[in-house]
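It should be emphasised that the depicted structure is a prediction, and the values quoted were computed from it without experimental measurement. First the proteins, then the strands, lettered A, B, ... as listed; each starts at 1.
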Number of protein chains: 2
Amino acid sequence: MPNRKVVQPITLSVIKTACSNCNLQELCLPLGLSHEEVEKLDELVSTRRRLKRGEHLYRAGEAFSAIYAVRSGFFKTDVLLEDGREQVTGFQMTGELLGLDGISTELHSCNSVALEDSEVCTIPFSHLEGLSREIQTLQHHFHKVMSREIVRDHGVMMLLGTMRAEERLAAFLLNLSQRFTARGYSPAEFYLRMTREEIGSYLGLKLETVSRAFSRFQEEGLIAVQQKHVRILNTPGLKRLMNHHSHG
Amino acid sequence: MPNRKVVQPITLSVIKTACSNCNLQELCLPLGLSHEEVEKLDELVSTRRRLKRGEHLYRAGEAFSAIYAVRSGFFKTDVLLEDGREQVTGFQMTGELLGLDGISTELHSCNSVALEDSEVCTIPFSHLEGLSREIQTLQHHFHKVMSREIVRDHGVMMLLGTMRAEERLAAFLLNLSQRFTARGYSPAEFYLRMTREEIGSYLGLKLETVSRAFSRFQEEGLIAVQQKHVRILNTPGLKRLMNHHSHG
DNA sequence: CGCACACGTTGACTTGGATCAAAGGGGCTC
DNA sequence: GAGCCCCTTTGATCCAAGTCAACGTGTGCG
């Protein structure tokens, strides 16, 4: 066993970057692929990259060459206007893809920042297109992922365009809950990785409004919240909040 | 040459649906393809469909099987919430694609309505994927189109999340102007195909607010507006409007 | 281990855009 | 070509969320 390393030197990093022994297959690009197909993906997903909290994965304006799959950690993407206004356009967790915005102009159009120490798999885009031409399942799945991003964005537009503050926060919490559930975590209890200001930016609200809405939910027994620790006590109550009152 | 028609009967409808003699090539899917490649596309874009004003191209919940390219006319897409709230998610003009939202779940996730008598080319999606595996240029261009849609949505999120009413309308008018220009129309003078209410829905505003903003722009000499007819008098003025004042 | 600083909460006041209301204007139909 | 209905404009009032301010709190750094 020890001399196997000598004959066929498999470095730790190579083992680590293989899709075929990654437990995120069902959430990530390999979804629906056969074992042989996933092995082809292995060659493509060449490198991992570790990021510390606060570090940028990419910045708006940089050349685009790869998309990234979140292997561990938590990210935000944001867009900046010349006058300094910032809008958080999304939060990404394990298995989700980053960088799709860059395909269009071959320049990244937003910033991607790690909200905690994280790790991503780098997927060189031209290789992905090449393999997509060979593996129909991969091609179709990739198209679905892009389309899902468009649908998600429409949901956010709906939220920003028609919902009041408390509805927005309820929608946000329910969405997080659902995504944590899909990853095997508790649907009811989680730590927020982002600040009130970042939540506000995503929801089109000021941080004070976010904070007040949290407090209100707590008063009403919908959630228990202390700083970044959230526990959902009444999911149906939160859902009900979203489906009533028309926009003020 | 004349008997070629007898041997291989080319009906008018076949001629009509061919990408290879469509003047929208530079705006639409065929962009960047060689003549031979465009001829392959011809087989794929099998049918056209005419829609009268107000008619739905597809509705949320319907099965997805094709995307559509706007051949002529003008569309809106919208999403509805259970409680009746509506959000217009986009306006589409010639050469733009409709239906990308349906790929993700194989169900359309929004409604698409013609705002004037219109015509679309139907592109069966499985055929498009097939041809994308053969023609790299087509594949890449299609990915760019999807990515562009994501970037556009981020722009709308920014608008809805951080801009005040007048900035939103200025951004909207400048965007229309730019898209009309790309189609060979006047950058400064155009007819809106949508109502104040639809503009408001897209911009997250009430129709009265849209109307007041139009009036204000007119008072300030930025535009001349009468009903749906708009003339932009001061483009730099409109641009300046967008880059100042932080969100109230 | 303690101090600093970023983050979060809460209160008082302001305001931009929503709401309610009412009165033109255009264009399509019959 | 008359009438109707939808679209649009404009005014008066209201309210949700923003702003400004001051005070907690937790955490990470030296």
Side-chain angles (χ1 to χ4, degrees), chain A residues 52-54 76 84-88 113 115-117 159-170 172 191-220 223-230 241 244-248, chain B residues 52-54 76 84-88 113 115-117 159-170 172 191-220 223-230 241 244-248:
Chain A
K52 291 219 173 294
R53 185 153 79 93
K76 72 165 178 183
R85 280 181 283 182
E86 180 195 6
Q87 170 87 12
V88 171
V113 185
L115 294 182
E116 59 183 20
D117 293 0
L159 179 146
L160 292 171
T162 73
M163 292 187 186
R164 31 183 66 257
E166 294 188 2
E167 296 180 88
R168 295 185 198 188
L169 187 62
F172 175 69
Y191 280 89
L192 301 170
R193 321 292 151 119
M194 66 297 276
T195 66
R196 301 289 188 262
E197 187 169 23
E198 285 162 336
I199 298 172
S201 173
Y202 182 60
L203 299 178
L205 301 170
K206 291 294 161 186
L207 67 97
E208 294 95 328
T209 306
V210 174
S211 179
R212 279 186 244 270
F214 269 122
S215 302
R216 194 122 202 290
F217 286 177
Q218 178 144 261
E219 281 166 31
E220 290 168 0
I223 64 171
V225 57
Q226 199 188 13
Q227 305 291 128
K228 293 197 157 63
H229 181 246
V230 173
L241 237 173
H244 300 303
H245 348 285
S246 119
H247 185 25
Chain B
K52 290 219 174 293
R53 185 153 79 94
K76 71 166 176 182
R85 280 180 283 182
E86 180 195 6
Q87 170 87 12
V88 171
V113 185
L115 294 182
E116 61 183 19
D117 293 359
L159 178 147
L160 292 170
T162 72
M163 292 188 186
R164 30 183 67 259
E166 293 188 3
E167 295 179 89
R168 296 186 196 187
L169 188 62
F172 175 70
Y191 280 90
L192 301 170
R193 321 290 151 121
M194 67 298 277
T195 66
R196 301 289 188 262
E197 187 169 22
E198 285 162 336
I199 298 172
S201 174
Y202 182 60
L203 299 178
L205 301 170
K206 290 293 161 186
L207 68 96
E208 294 95 328
T209 306
V210 174
S211 179
R212 278 185 244 270
F214 269 123
S215 301
R216 194 123 202 290
F217 286 177
Q218 177 143 263
E219 281 166 31
E220 290 169 0
I223 65 171
V225 55
Q226 200 189 12
Q227 305 290 125
K228 294 198 157 61
H229 180 247
V230 173
L241 237 173
H244 302 304
H245 348 285
S246 125
H247 185 24

**OP:** In whole angstrom, give the distance that lies between atom CG of L203(B) and atom C1' of dG16(C).
**Re:** 16 Å
Subject >> Any donor-acceptor N/O pair under 3.5 Å between dC7(C) base and E198(A) side chain >> reply: no
Original post:
Between D117(A) and R53(A), is there a donor-acceptor pair closer than 3.5 Å when you use the side chain of the first and the backbone of the second?
Top reply: yes
Original post:
Between Q226(A) and dG8(C), does any side-chain N or O lie under 4.0 Å from OP1 or OP2?
Top reply: no
Original post:
Atom CD of E208(A) to atom P of dT9(C): distance rounded to whole Å?
Top reply: 11 Å
Original post:
So, the side chain of R212(B) versus the backbone of L207(B): is there a donor-acceptor pair under 3.5 Å, distance only?
Top reply: no
Original post:
What is the distance, rounded to the nearest whole Å, between atom NZ of K206(A) and atom C1' of dA17(D)?
Top reply: 11 Å
Subject >> N/O donor-acceptor pair under 3.5 Å between S201(B) side chain and V88(B) backbone >> reply: yes
**OP:** Identify, between Q227(A) and T209(A), the residue whose nearest nucleotide on DNA chain D lies closer to the 5' end.
**Re:** T209(A)
Original post:
Heavy-atom count around E86(B) CD within 6.0 Å, excluding the residue itself: above 12?
Top reply: yes
Original post:
With the threshold set at 4.0 Å, does a side-chain nitrogen-carboxylate oxygen contact exist between E220(A) and R216(A)?
Top reply: yes
**OP:** Check the distance between dT10(C)'s C1' and R196(A)'s CZ and give it to me in whole angstrom.
**Re:** 13 Å
Subject >> Base dG11(C) to side chain R212(A), donor-acceptor N/O within 3.5 Å cut-off >> reply: yes
Original post:
Within less than 4.0 Å of OP1 or OP2 of dT10(D), is there a side-chain N or O belonging to S215(B)?
Top reply: yes
Original post:
Between R216(B) (CZ) and dG17(C) (C1'), how many Å, whole number?
Top reply: 13 Å
Subject >> Integer-rounded Å distance: dG28(D) C1' and K52(A) NZ >> reply: 14 Å
Subject >> Interatomic distance, K228(B) NZ vs dT8(D) P [rounded to whole Å] >> reply: 4 Å
Original post:
What is the distance, rounded to the nearest whole Å, between atom CZ of R193(A) and atom P of dG8(C)?
Top reply: 14 Å
Subject >> Candidates dG18(D), dA18(C), dG16(C) - which lies nearest the side chain of L205(A) >> reply: dG18(D)
